[in-house]
Structure formats: structure tokens, C-alpha cells
Amino acid sequence: MTVPPPRTALLQGTLDLLILKALNLGALHGLGVSRRVEAITRGTFLVKPGSLFPALHRMEEAGWLVASWGSSENNRRARYYKLTAAGRRQFESEVSQWERIAMAISLALQAN
Amino acid sequence: MSLFKNLFARSRVERDLDQELRAYVELLVEEKVKQGMAPDDARRAARVEAGALEHIKDEVRDVRRGAVMESTWQDVRYGMRLLRRSPGFATLAVITIGLGIGANSAIFSVINGVVRKPLAYPASDRLMFITSQFPTLNFSKFWISPPEYFEFKEHTRTFSEVAAYTTGAMNLSEGERPERVNAAFITANMFDVLGVKPVRGQAFTTQQDLPNADPVVVISHELWQGSLGGDPNIVGRLLQIQGQASTVVGVMPPGFDLHDARAHLWMPLGLDPALRTNRGSHFLYLVGRMAPGSSAEGASAELAGMLRQWREWAVTGHAPNDSTHRLQMAPLQDEVVGNVKRALWVLQGAVLLVLLIACANVANLLLARAESRHREFAVRTALGAGRTRILRQFMVEGTVLSVLGAALGLGLAYWGLKYLLALNPDSIPRATEITLDPVVLAFTVGVALTTGLVFGLAPLLHLGEQAVTQSIRDGSARTTATVSRNRVRRGLVIGEIALAVMLVIGAGLLIRTFRNLTTVDAGFASEGRITFGVVLPQATYNEPGRRSQFITGLVSRLQEIPGVERASGMTGLPPLRQVNANDTDFEGYQPKEGDPPANVDYYQTATVGYFETMGIRMRDGRGFEPTDVTGSPVVVINEALAKRFYKDQNPIGRRLRVDGGPTNSPWFTIVGIARDVKQGGLENPAGTELYFVFEQGAQVGFVPNQMNLVVQTSRPVTSLMPAIRSTVTAMDPTLPIVQMRTMDDVVGDSLVRQRFLTQLLGIFAGVALLLAAIGTYGILAYMVSERQREIGIRMALGAGTSQVVQMVLRQGVMIAGIGIVVGIAGALALARFITTLLYGVSPFDPVTFLTVSTVIAVVAVFACLVPMRRATRVDPLTSIRAD
């Protein structure tokens, strides 16, 4: 057993970005999204179902995601989410926005 | 889309969500088992990790509902806030739309109730109305005689049942005051044909419908609940009808009627099926229910076949045939609605034009606003609002306006219709069926949404992408409106004026028609005259002598009332009465091929002094004189009759008699020719008419039991009414006085439908004119404010007031001029729809066209005045410096 890495609270607005990033790599079901976010952030962020599902449904409603029923590796029925074209565009614009913010913040912190 | 999914497929969405969360937990368990946990522990751990599932579901539901509702609601709130911020604009827009939608809902509710709704009988589309036609006599819709009815009933295969009826009115002596009640006399099978059963008691039996059966009556629900006080033991009760005790056997359901007869008493016709004589006595209307499987075409074909062979069934020569005595059928509904249909569609067309004008106005207002909101939208686009989002906001704003307008419009429609129908009772058939029912509400909502979308989209006409970037680039500098943008606005106003011109011309033509009808020479004087009717019941006035005595007594007593100058009695009340079409034997007249048949449209039996009392002038010879009372039988003819039967001869001194088959009347000598009196409606040419002397009735064997009395006075007419009433009551307290009215009202009432149509179209045309004026004003005011700088510069360069005025006026005149020309072209194109509604005026009447054009031009110039003044007040310094 390894010691779990410190968990960080999600910054407002970053959840969407992380979910979009996770799905940009391929369609996933709810738990899959949660696990992939965990993996790509090296365990920094753990997405709880209480925030995961509302976010997924909100993004579906916004037209960024589409959902369909499929079966998991063990033949279990699960609802899979996939990025739409609009979702991809949204992802790109959020990425560039995030980069601007991140750069601005780090510049700010480095300033004397 | 997803809003619909959420609203209408809620259970599926719920099931999906439930399954999704359950799958999540299962996957979690699986994962933990794979990591080496015992299944039970894994399940417990998964539960804990997943948290409260119901809570998650709630959150998801909130998110789902919120997404759509929120952005729409945001738009609505934003729209409302904007409207609140410019209350003047909002009020103007809502009133404009309200007028447009109100007019449409009002007329549509009339069409819905009168034309569209099927008659209130089961399978009413299977009911046909059967009448006769006499082409050579110019009767396009006439009655059918009893033998013809029985023969038709026996031989038809396409109808499962045929019933006959006629209408009239009866004296009902119940309660404290005797009253005159509309009645329908029907064959026993009528209720079966219509498919309606009494709600209490029974319909008539065939036995009760035989001649000389004990008198029975079925009454209307309204009579039962009204004059009869809702008597619970009504069935079996005896009513005094026309002085005769009749047993109530049934009560019809509320609202039950037949062909707008407004009948409250339903009585058996009492025809004798065995009696096949008197074939010329046409007085029945027929209603048939088509047999299952037969079609209207089949029925018409059968009828044509019957007409060819009818002569074999007839005992005498008189039989329906396809040259002079046809039968025809039409769906009962068409028959009831009749010619009001065209008028209603004309009105619906008119209100549609009003709505279009209203829409154009509001679109123009929104355009002007969109221009001033240019920067707002540019900023919002730059901040990331999508084009669809901005578009949606326009539509939501438009819809908010039109929904508010629709609410106002429904109110206007409801109260307006109520008021107008109260002013014009009897102006349209089936008036009681006019309501704001769900169909009308759906119509209104549909119109509101459509208009909302239409003018919500109007601002998009010029809000292209480049417009957005441009106005940002321009910064605060005022952009001059592009040429194309102005063309749209001007086009809208020109369209408005054109539509208004069309409407006002239509209204003008109808107003002229109405004027023509009210000033048409009816052949008699109506001013200062009062009339009422009396019907002498068979029971007490069986003796012709008693009837004659009563009427002459009444006339002389009426003449004794102070203030009364003359009084007389007559059988038929002009200017709108039912045709008699009596066969008449003109001595020496033998109709050859092509000659008119010896038949007279109207018989009038009047007391001595009648022509003087009614102000009917004589063209030749004399009227009735006191010496005629005991003298030999005389008759007066009218000009139309003289022209038809005595072409180049002098009719005075010639003789004629009533053609009564075996029992001819004595010969009457023609003593005078009276000027024509309109009897078949003011819009129709006068028919042929014969005047008989009432006082000679006993001598010639005909004393009518039903008379109209007319009283002439120089005093205010209404002041005499109480005295007249008490005179009648003093002579016979059981006698109801039928419809005491001024003769002016009688003439007015005969025009009630035309008046209603004219009033409505007049109102709509007025609204259209007002809206078009507002539109013209709006665009000119806008133009002036937009060109303020230009005007300022011109003035600074030395342009005088008159040049500025000219500039504005030129714009106004151009817009109005084009609008008028287009409108006239439109009016010419639409003229044929209104032709049948006109009287004495051509649909291309130059006077109307010229007057309307002038009025519109004057209104347009007035609309220019305020902007013009504002333009001359432009201060060159401030306007150049502005911005």
C-alpha cells in the first residue's frame, strides 16, 4: 500500500476542463471519467459522484457531450459519454483560457 | 429539444438516471473486488464512497431543469427589464399588437362559432335542407307542399328519414302577461331526423301529429326555466296557447333550435298523409337525414331522377319538374349560415390586414431600437454571446411583447364582441354559439407566437456579423444608417399605408352601400310612425265578423288618442316580409310562351286610409275611400304589377281575382296604381303587389286574423306608446302586443346585418388608418433625428426653414404616395370579393377611391407635421457638436 498523495480541492471551473480533457481521449462511463481524471492528475484530484454526475448532465444539456448506453469490459450496462464537436471546441477554448490564466498567475507570483 | 425530453419523457430520464447511478455503484464494487476485497465489504465500501444516491439524483435533476429554463428565463427577465426601462415603447407596442390580435380573435371567434362549429345535432353533416325553386317566378328558395313532401318521403332511397316544418308565432297566456312566442310546427319525426331527444317527457307520436288530434306541445328549455318558472311537474301541464289548452309532452335540451327559428314551442304540423290535394300550397321546409352510405352527390342524382318522373305520382298537373318547379338540397349548416359566410371571411381578411399593419409598426419600432442597441449587442457578441443566443433574445423579447398584446387583445375581443352583439342582436345566425372557446384561445396564442417570432426576427434584417464588428470599430461615432436598412423601414411603412388604403376603401364602399340602403326610396314614409302587431286567436275570434269588428274598432280608437293623426291596419309589414306568391287570375290575361306566369309576389290587406297613413303616393287612380267599405270589391295594384301584366294598357277599371282553384274569389276592380313599396328588403327591387280593402273582407270571404297596426303622429313617437298599449288592453286584456316599435326601427332592423358589417369594417379601417399614421410619423421622426447632423450642417451652410421643411415633406409625400398607389392596385385586385356585399355602388367607385386617397394623404401630411417642426428647430451648433 502506498500513501495516497495529498488531495486538492477543485478550483471553480476546473472540473469542466478536467472532464473535457478526460473525454477528449475517448468515450467513458461515469466511474471511468472519475478514474481517468484521477490518473491524469496523478491522483491529485478525486471527482466524487456528487459533483461528477451533475457536471456530466449539465455538459450534456449544453451540447458538449452525448450519452449512450453501452457495456463495460465486464459486460455491465453503463452510460457512456462522448465529446461532441461543440464539446471539442469548448475544450480548446477552455484550454487556451486556462493557459492564459495559469501564465498570468505564475507571472504574478514571480513578480517582485 | 431537451426541454421537451425533460418535460414529456420525464419517466425515461428518471429511469436512465437511476440505472446510471446503479451501474456506477456496481462498477465500483467490481473494482474493489478486483483489488482483493471481500464482496460484502466491497459493497459496503462502495456505498460509502458513492454517498447518498438520492441526493445526487436531486442535483442532477436541478441541473437538467435549470439549463434550459434558466437561459430562457434570463431572456424573459432581461426583455421585461428593457421594456420597463422604456415604458413608452412597450406601451405603444403592446397596444398596437393588442389591437391587431384583438380584432383577429374577435372575428375568428365569430367564424368559429357560426361557420366552423358543426350544428349541435349528432352527425349534423348528414343533414340536408330541401327547398323548391321556381325559376320562371324568380324564386330561388321556396317552400314545398304537403303532397310533394309525402311523395318525396315515400320515394327517396338516399335519405333514411325526411321531416317537414314551418315556423310562426303563437300567443301564450301564462303568467301575468300574455306573450308572443316563436313556434315551429313539425312532423312527428323531426326530432328523430335531427337526432335530439327531449330531456323531459317524450317527442310527439305519429298519432298526435294527425289532423284534429288533441293539442300537444314540446317546449324549449329556456321557456320552461323562464316564463314557466322551471315547474318540476311541467310534463302533463296544460298551457293556454292561442286560446287553446295544449298538453306539454316534452322539454327540449337547452339551446336546441332549428334553422335559427328561436322556437320555444314545438307543435305537430298535423298534416294528413292521405290528403294529396292542394299541391300548389307550398309552405313547408324539409330536413332530411342521408341514409348511411349515401352521398350528397347520390342524393342530388336521385332528386334529378325523381324530378323527371314526378308527374306520374301527382294526381293533378302540378308536380315538381326540372324546368319550372325544381327541388334542391344543400347541407343544413350552409343553409343556416347562409350568406353571412362571405361577409365574415371579408372581415377576417380585413383584420388580418390590421394585424399585418400592427406587425409592420412594431417591427419598425423594434428596428429603431435595435439600431440604438447596436453597441449593446456588439459588446455582448464580443463578450462571447453566440449569435443564436442574441437571436433567441430578440425572439423572446418579441414574444413577451406579443403575449402581453394577446392578453390585451383577448380582453378587447371579449368586451368588444359582447358590446357589438348587444348593439346588433339578430345580426348573425347562431350568435349564441360565439364564445372565446379553447379553439379561439389556441388561435390567439398561435397568432401571438407567430407575430412575436416575426417581429422578433425583424431586427436581424440588418444585424449581420459585419454590422457588429463595424459598430465596435466605429466606437462612439454615430453610424449613419445604411441605405439598405432604411429601405427596409421605408418598405414597411409603405406596405402599412397600402394595406390601410385597401381597408379604408373597403370600408368606404360598405359605408356608401349602407348610406344608399338607408336613403333608398322604400316607397313609404317611416318617420313619426309607430307599429305593432296583434294576432287574434282562433278560439275567441273564430267569427270573421268579430275579427273585422275588432280591427276596425281598434283603428278608430287609436285615431281618438290625442296626438294621433292617422291610424291603419295592414297584413304585411314593409320593408322586409315573406313573399306570398299567390296565383292570381287577371281577366283576359293568357300567358303565352315566355310571358310571366299569373302570380303575384305580395298580397296586402289594408284598412281604408292606409296609403295616407303610410305616406304611399298614388301614381294613378285613387286609394281606398270610406265608400269602399260597403261598395263593390276594389283593389289597388303597384307599379311593378302594372308593368308586368298590363304593359301598354291602362289597368284602371280592369278586373282580377284570387285564383283559389275550385273556390275563386269574386272579381275585384282595379281603382288605382300605387308607387312601389319595398317588401323583400331594401336592397332588392320591389315585387308585384296587390292591395285589398280589409273592410270588404266579410264580403269577399277573407278576414285575416293577424294584423299590423300603424299609427302616425307629429308628437315624439315614444311618448304615445303607453296610450296605444292601454287602448289595446282595454279592448282585449288577453291579447299580446307584438313588437311595438317605431317604423324607423323597423326599417333599421331590416338592415341589421349590413349595419353590423359596416360598423365592424369601419372600426377596423379606423384602426388601420391610425396605425399607418403612427407608422408614418415614426419613420419621419426617426429620419429627422437621424439626419439631425445633416440638417444642422445644411442650416449652417445657409439652408432656410422652407428647404428643411421641404426635405421632410418630400420624404413623407413619397412614402405616402407609393403606399397609396400600391393600396389602390391592391383594392382593385380584391374588389371582386366584396362585390356581392355592395348596393348601388361599384367596387371600383372612383368617388370612394379618390376620397380615401385624399384622406390618407392628409393623414400622412399630418403625420409629417411634428417631425417637420422638430427639423426646423434643429440648432446647427448643438447638432454638429453632438456625440
Side-chain angles (χ1 to χ4, degrees), chain A residues 1-2 4 7 13 15-16 19 27-39 46-82 84-87 89-90 92-94 96-97 100, chain B residues 1-7 10 12-37 42 45-72 383-384 386-389 392:
Chain A
M1 283 278 268
T2 52
R7 298 260 148 97
L15 177 61
D16 285 10
I19 292 176
L28 291 169
H29 53 63
L31 185 63
V33 171
S34 172
R35 291 293 173 254
R36 184 166 292 165
V37 169
E38 215 179 331
L46 181 70
V47 188
K48 292 248 177 78
S51 40
L52 174 71
F53 284 105
L56 285 173
H57 282 260
R58 176 163 42 75
M59 290 160 81
E60 187 193 348
E61 203 65 56
W64 303 341
L65 311 181
V66 282
S68 57
W69 287 96
S71 47
S72 73
E73 314 85 82
N74 302 329
N75 261 342
R76 200 170 275 289
R77 237 166 77 83
R79 203 161 185 253
Y80 277 77
Y81 293 89
K82 208 170 77 181
T84 62
R89 272 203 303 278
Q90 179 67 22
E92 278 154 20
S93 86
E94 286 204 16
S96 63
Q97 204 179 336
R100 273 208 317 276
Chain B
M1 188 54 209
S2 45
L3 178 65
F4 279 105
K5 209 164 91 194
N6 284 358
L7 288 179
R10 169 139 295 156
R12 233 205 61 192
V13 172
E14 279 292 308
R15 231 188 1 258
D16 269 14
L17 181 57
D18 190 59
Q19 284 176 6
E20 182 177 19
L21 291 180
R22 227 178 282 177
Y24 176 85
V25 175
E26 290 303 321
L27 286 164
L28 208 54
V29 173
E30 226 166 76
E31 196 183 71
K32 293 190 187 301
V33 170
K34 231 194 274 170
Q35 285 168 0
M37 264 195 203
R47 282 266 166 76
V48 172
E49 202 178 318
L53 291 184
E54 280 311 310
H55 181 69
I56 297 175
K57 277 191 204 168
D58 267 352
E59 298 259 301
V60 171
R61 275 182 217 126
D62 278 358
V63 161
R64 284 217 166 246
R65 255 196 302 273
V68 177
M69 297 304 286
E70 195 177 313
S71 55
T72 309
L383 285 179
R387 266 170 64 73
T388 44
R389 187 64 205 278
R392 192 164 73 182

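None of these values were measured; they are calculated from a predicted model. First the proteins, then the strands, lettered A, B, ... as listed; each starts at 1.
With a 4.5 Å cut-off on non-hydrogen atoms, A:His57 touches chain B through its backbone and its side chain both. Within the 4.5 angstrom heavy-atom criterion, only side-chain atoms of B:Glu31, from C-beta onward, approach chain A.
Of the listed residues (B:Glu59, B:Gln19, B:Arg22, B:Lys57), the one with the most heavy-atom contacts under 4.5 Å to chain A is B:Gln19.
Distance check: A:Leu46 CG to B:Glu49 CD gives 6.5 Å after rounding to the nearest 0.5 Å. Put simply, CG on A:Leu56 and CD on B:Glu20 are 7.0 Å apart, with the number rounded to the nearest 0.5 Å. We find the CG-OG distance between B:Leu27 and A:Ser34 to be 11.0 Å, quoted to the nearest 0.5 Å. How far CG of B:Leu28 is from CZ of A:Arg35: 5.5 Å, rounded to the nearest 0.5 Å. Annotation: the span from A:Arg79 atom CZ to B:Tyr24 atom OH amounts to 15.5 Å, rounded to 0.5 Å.
Nearest approach of B:Ile56 to A:Pro49, heavy atoms of both residues: CD1-CB, 3.7 Å. Residues B:Ala23 and A:Ala78 share a closest heavy-atom pair of CB-CA, 4.3 Å. Minimum interatomic distance between A:Pro54 and B:Val60 (heavy atoms only, all atoms of both residues): N-CG2, 3.7 Å.
Side-chain contact between A:Phe53 and B:Leu17: absent, with no pair of heavy atoms (C-beta onward) separated by less than 4.5 Å.
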